[in-house]
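Input: a single structure, listed below in structure tokens.
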Amino acid sequence: MSAKKSETEKFMGTPLEKESFEDGSVILTEWEPKLWYSWSTGKVVGKFLSELKAGKIAAIKCDSCKRTLIPPRMFCEICFSELKDWVYVKDTGKVNTFVISKIATDRSPLKEPKIAAVIDIDGSDGGILHMLGEVNPDDVKIGMKVQAVWKSQYERRGEITDIKYFKPIGD
Amino acid sequence: MTENVEGGIPVNFVYTAGIAGEEFLRGLKKGKILGNKCKCGLSYIPPRLFCEDCFSMIEKNFESPTIGKVFSFSVANVSFDGEKITPETIALIDIGESKLMHRLNIPGEKVRLGMKVKAVFKPAEARKGSINDIKYFEAI
């Protein structure tokens, strides 16, 4: 064990160095609990995801608020109307906000930073959280025009990741 | 319609057993079950650095026999993750000074409280310093 004797005596602990985890000096117990989940999408999000599989972005309209909502939902959160009027919107939009992430969800460092962004979809009053691609992180600007890059129809599974990312399309 | 979205959450971890725990794991690697005994009379397997009863630091280690008696047992039909598994018998085994929880290679219906069992270690080269260096306890 790569313990510093004086500190061990003082604190009754064993200081571990980064090397301790690599050189076999300390016995390690590794474990990975399986935290699988499955959530039911419900009617509206279910249809939205099925439309993604078909390569289309589906939104839902609220006639009383005159809004086109994306992601679609069953009820308007402003006027509480039940929503049934589906429309397709374009797969283009503008960057509303973004973040450059250098670590993965499990905090491991990423070789290439990932850019997550909220994209306001053209022809709608909403936006979706997705990734940006084919762009240098330094060049991302709020208001930048982007377009969805889709997986091929054979790879699409009815998931938000059926869109690979959004890429800049210039003015 | 897409009815379900499935995924997983990665939560990997690495655990280090601490001073007393490390000694226990190194003991297993050598094919030994180690314990320690506090001056107040309480014994621990696996060993602890401090007595949980009187809070003294424990310094007296001992090597436990690898033979004991079934003190209590249970049959597990599902894994930690809730998946169905071939039923496994888990027992608390009285090995003299203290008790150790481990697997039995005896079907639940054949286990009797008080039955004599002994630890079966993996071959030396397969041991890693893990509680699983003991494959199971078997009847003698």
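Each chain gets a letter, A, B and so on, in the order its sequence line appears, and its residues count up from 1.
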**OP:** Flag yes if more than 12 heavy atoms outside A:Lys47 fall under 6.0 Å of its NZ atom; otherwise flag no.
**Re:** yes
Original post:
Do A:Ile115 and A:Ile160 belong together in a cluster built from hydrophobic side chains that touch within less than 4.5 Å?
Top reply: yes
**OP:** Let me know if B:Phe13 has heavy atoms under 4.5 Å from chain A in its side chain, its backbone, both or neither.
**Re:** both
Original post:
What option among B:Gly7, B:Ala17, B:Ser130 has the most heavy-atom pairs under 4.5 Å with chain A?
Top reply: B:Gly7
Subject >> A:Val45 with A:Ile57, same ILVMFWY side-chain cluster at under 4.5 Å >> reply: yes
Subject >> Under 4.5 Å from a heavy atom of chain B, the part of A:Phe48 involved >> reply: neither
Original post:
Going from CD on B:Glu3 to NZ on A:Lys43, what distance comes out if it is rounded to the nearest 0.5 angstrom?
Top reply: 12.0 Å
Original post:
Side chains of B:Arg26 and A:Ile27: does their closest heavy-atom pair fall under 4.5 Å?
Top reply: yes
Subject >> Heavy-atom neighbours of A:Glu112 CD exceed 12 at 6.0 Å >> reply: no
Original post:
Given side chains that start at C-beta, do those of B:Tyr15 and A:Leu28 come closer than 4.5 Å, heavy atoms only?
Top reply: no
Original post:
Roughly how far, to the nearest 0.5 Å, is the CH2 atom of A:Trp36 from the CD1 atom of B:Ile9?
Top reply: 10.0 Å
Original post:
Is it true that A:Trp150 and A:Ile121 fall in one hydrophobic cluster, defined by side-chain heavy atoms closer than 4.5 Å?
Top reply: yes
Original post:
Heavy-atom distance under 4.5 Å between the side chains of A:Val26 and B:Glu22, does that happen here?
Top reply: yes
Subject >> CG-OG distance between B:Asn4 and A:Ser38, expressed to the nearest 0.5 angstrom >> reply: 4.0 Å
Subject >> B:Lys69, NZ atom: more than 12 neighbouring heavy atoms under 6.0 Å >> reply: no
Original post:
Just wondering, are more than 12 heavy atoms of other shown residues or ligands nearer than 6.0 Å to CZ in B:Phe71?
Top reply: no
Original post:
If two hydrophobic side chains count as joined below 4.5 Å and joins carry through other members, does A:Met131 share a cluster with A:Val95?
Top reply: no
Original post:
Tell me, do B:Val14 and A:Trp31 make a side-chain contact under 4.5 Å, heavy atoms counted?
Top reply: no
Subject >> Interatomic spacing from OG1 in A:Thr29 to CD1 in B:Ile131 - rounded to 0.5 Å >> reply: 10.0 Å
**OP:** Against chain A, work out which of B:Pro10, B:Ser79, B:Gly129 has the most heavy-atom pairs shorter than 4.5 Å and name it.
**Re:** B:Gly129
